Amino acid sequence: MRKDSELREFHAAAWDEPVVMELGRSGARGQIFPAPEAEVTKTVGNAASLIPDGMARNDAPELPELTEFEVQRHYLHLSQQVLGMMGISLFGTCTMKYNSKMVEQLINRPELAETHPLQHPDALQGTMQIIYDLDLMLRSLSGMQRFVFQAGGGADAAYTMAAVARAYWQERGELDTRDEVITSVQAHPCNPATSAAAGFKVISLPLEENGYPSLQALKAAVSERTALLMINNPDDMGIYNPEIKEWVKAVKEIGGLCFYDHANFNGVMGKLSARELGFDACMFMLHKTFGGPKGGGGPAVGAFGCSDELVPYLPAPVIAKDGERYFPDFDRPKSCGKIREFWGNVPIVVRAYAWVRAMGAQGIDLASDISVVTNNYMDKKLGEIRGLEKSHPDFPKWRMEMTRWGLGPMQQDTGVGTVAAANRMADFGIDPWWMSHEPWVVPEPFTPEAGELWSKEDIDQWVAAVQRISDEAYSEPETVLNAPHNQPIARVKGDWMEDPDQWAMTWRAYVRKHLDAAPGSGAGTVDAIVADPENRG
Amino acid sequence: MRVGLVINPVAGMGGSVGLKGTDGPDAVSQALSLGAVPLAESRVVRALRMLNSLRDSIEWIAPKGPMGGDALAAANQTTVKLITELEPSAEATQHSAQAMVDDGVDLIVFAGGDGTARDIASVVGWKIPVLGVPCGVKMHSGVFAITPEAAGRLLANLVKAAPRATEYRHAEIMDIDEAALRNGHLNARLYGYVNVPHMRRLIQNAKATPQVQDETLLDMLGHEVAGELQPDVTYLVGPGTTAKRPLDALGLPSELLGLDVLRDGEILASDATSAQALTVAGEGPLHIICGVTGGQGFVFGRGNQQIGPEAIDRCWPDCVTILASAEKLAALAPPELVVDTGDPALDSRLRGYTRVRTAPRRSMMMRLI
């Protein structure tokens with residue numbers, strides 16, 4: 001029998017699959033419908049005549065023509081050529097979690113899927129109850145007074161904070177002088193970006209020797225101009241800043257607001273409360289920490305919560321309760337306005353609600369313990385592999401739920417850096433690792449995060465892949481540098497993505513830029529790219 | 001791709017025998033008499049080994065013998081053109097570099113330290129990008145790869161990559177007065193700038209977004225600072241491409257390596273000494289605009305000694321504007337800036353934290369030691 005730590009070999013399916021526009025043949029159809037009965041035609045006329053002239057298009061759309069069976073086979077092939085997000089995906093800073101299929105069934109039920117926020121509130125009581133109750137649950141995890149779920153992701157929730165702060169200072173007549181936001185170089189890049197978008201100036205603090213910015217740097221940055229502090233703790237280094245209460249105090253003393261970006265909540269959930277630490281507001285990623293899916297760039301929800309003092313400035317509506325009846329409260333004269341249409345991505349709110357109900361308070365508490373233990377188990381094993389180095393190696397304490405690692409030594413010794421190694425991971429059926437947000441404070445970074453989902457066997461598999469890559473880097477670096485080898489396509493031509501003359505977001509653009517540009521040559525066609533032996537795994 | 005190669009065969013020889021460098025024939029013979037052995041050629045061969053699979057993709061042009069030809073032969077590289085062999089010297093380096101400029105090469109690779117970099121830069125300027133194989137004792141300039149292998153890999157990537165994936169950035173040419181250093185004084189000067197190739201990371205990752213180029217952000221920052229200039233204030237604009245951005249934004253001429261004095265939209269003195277600048281300023285309000293040296297993080301005292309302690313003392317902290325790209329600051333490890341104004345009391349007053357402006361409306365709080 002195979003030992004758990006033995007690396008399993010893998011090879012992806014390689015179907016040599018054309019794009020759908022190049023499949024099929026003229027006249028092929030998925031379904032052939034019978035002609036309408038004469039009486040129907042007589043009553044309503046033919047279908048084309050029902051479309052108003054102003055809305056009818058002149059040319060038929062260029063659609064592929066295939067049978068239903070061929071369509072299914074095509075998409076089955078495509079799905080077999082990707083890793084499917086069901087591998088061992090220790091994608092740090094993202095807290096990858098399994099999305100329960102039972103909950104997927106629930107959110108597809110018509111009671112949710114076929115409703116609309118413009119329906120009469122009496123017909124949405126159940127949905128509003130779930131939103132309201134999740135608000136209560138998040139309050140107990142944070143100490144905040146009210147949550148809204150409008151933001152369509154973490155960055156949108158950070159923007160909500162910036163918009164709320166702007167409304168808060170505007171009402172006090174101080175927006176002209178409170179124009180600075182303080183954050184760190186390792187806070188999520190959306191913190192400086194959203195503050196800038198909301199019109200604030202941004203001061204960033206660098207990480208110092210302990211792996212977090214120093215209190216002295218913060219105090220030097222704080223002034224009468226400070227509108228807001230936006231900070232993660234821990235950030236992607238996985239190091240908890242033990243001085244955080246003094247940070248909040250330093251900002252509150254001059255009247256500034258403090259925002260706790262809980263993008264890295266998994267290691268501290270159930271262990272601390274943002275409000276008890278003195279923060280005025282916080283943000284949770286429902287699509288990460290709270291078990292919602294996070295593929296394809298959304299839909300997502302950044303749950304934004306704040307203290308009593310900031311509640312009046314929240315975007316409208318908030319879901320409120322009057323006796324036994326829930327209603328969307330639009331009557332909020334001090335509101336910062338809309339962040340996103342309607343109430344946010346309600347199906348994600350329902351998934352998060354289901355996750356919290358399933359985990360319970362004790363389960364959440366235990367999950368954060370498991371996250372931290374798993375990461376430190378992984379750290380120990382990674383520390384024994386040649387060519388790896390940990391950020392802030394002299395920092396004496398345990399890391400939280402993730403650790404920033406780097407391949408700096410390996411890159412210098414062998415030329416194998418983090419991009420090559422990530423490509424090679426895919427050869428073992430493992431999702432290429434997450435590297436790092438900008439700036440790269442550790443050379444050739446990668447940031448694994450195991451969370452509470454993956455088993456010890458999975459972690460061992462993942463570490464075994466890293467061990468193999470290290471062995472290869474020091475003995476046969478070309479194997480890593482030319483990876484992947486076991487995937488349907490080895491390398492995408494990356495420079496195309498940065499060249500407006502080459503990139504094509506639509507088939508029409510592709511035809512214009514590549515097929516029409518070189519008639520008959522065949523060069524640059526989809527066939528030529530995929531079939532080029534140098535591009536094949 | 002056509003690439004020039006110039007080796008300073010004696011570079012780095014001083015290090016192993018405790019000399020601070022080998023600038024000048026006397027230092028070379030002293031190093032040799034102390035038992036130093038030439039090592040530049042073997043380091044270049046190490047770099048060239050990274051190109052084994054690309055042998056036919058590069059057309060080399062190099063001086064015959066120890067200044068290039070020998071290393072290319074040792075690494076089995078195809079050489080298309082050899083320049084007459086010369087006795088190694090600063091003049092020989094400059095002569096070779098000039099021949100490569102005339103030939104129209106795409107890149108000049110050189111092996112040496114800061115002295116060699118200066119010789120190359122004095123001829124090449126902005127005309128052709130330059131890449132240094134690190135061999136010297138002193139390497140304060142920003143043109144060197146971290147290791148010979150890293151230089152080789154960068155070159156291999158340049159040959160292989162699409163041209164769009166290559167960026168060029170400004171690198172400082174710094175050098176230290178070796179004689180002063182042997183007497184215990186560190187006295188660095190900024191000699192100029194060259195273009196160095198820089199491989200953009202082609203990260204195909206869900207979360208990676210295209211970065212606005214540093215150059216663009218600094219350009220915008222220059223316009224922002226230019227818009228803040230106040231009437232009647234005398235501005236001392238320090239050396240360096242970053243510090244000069246506000247002058248560029250105003251369309252004013254500037255002395256890249258010197259101190260420019262600006263008031264009310266007019267350059268009152270160019271390439272000024274500290275004393276001249278203070279005379280021009282008189283008793284009126286004074287403001288310093290300066291940059292940060294790459295790699296070492298000097299704000300005052302390296303490359304911009306012209307500003308002088310008296311002006312700094314008058315301006316610090318409210319009337320000093322420090323400009324640097326976020327990337328330059330991120331590369332400082334540990335993340336701190338250094339001052340060496342020549343006045344220890346002033347240095348200690350400067351210590352603490354200061355803001356460095358990195359882009360319009362963006363700044364970084366940096367520790368200053």
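Below, chains carry the letters A, B, ... as their sequence lines are ordered, and counting in each starts from 1. Please read these numbers as outputs of a predicted model, since none were measured by experiment. When reading the values below, keep in mind they use all heavy atoms of this one structure, side chains included, and skip hydrogens, waters and symmetry mates.
- When heavy atoms are compared at a cutoff of 4.5 Å, A:I182 does not approach chain B at all.
- Atom CD1 of A:I203 and atom CZ of B:R361 lie 11.5 Å apart (nearest 0.5 Å).
- Proximity to chain B (any heavy atom under 4.5 Å) is shown, for A:A196, by neither the backbone nor the side chain.
- Distance check, rounded to the nearest 0.5 Å: CE of B:M365 to CD of A:Q216 gives 12.5 Å.
- Contact annotation: the side chain of B:R362 approaches that of A:S204 to within less than 4.5 Å [non-hydrogen atoms, C-beta and beyond].
- Contacts of B:A330 with chain A are made by side-chain atoms alone, with heavy-atom separations under 4.5 Å and no backbone atom involved.
- Taking the side chain as every heavy atom from C-beta outward, A:E208 and B:R367 approach each other to under 4.5 Å.
- Contacts of B:R355 with chain A are made by side-chain atoms alone, with heavy-atom separations under 4.5 Å and no backbone atom involved.
- Of the atoms belonging to A:N423, not a single heavy atom falls under 4.5 Å from chain B.
- In this structure, chain B has a heavy atom under 4.5 Å from the backbone of A:T414, while its side chain stays farther away.
- Here the side chains of A:V185 and B:M364 are in contact, with some heavy-atom distance below 4.5 Å.
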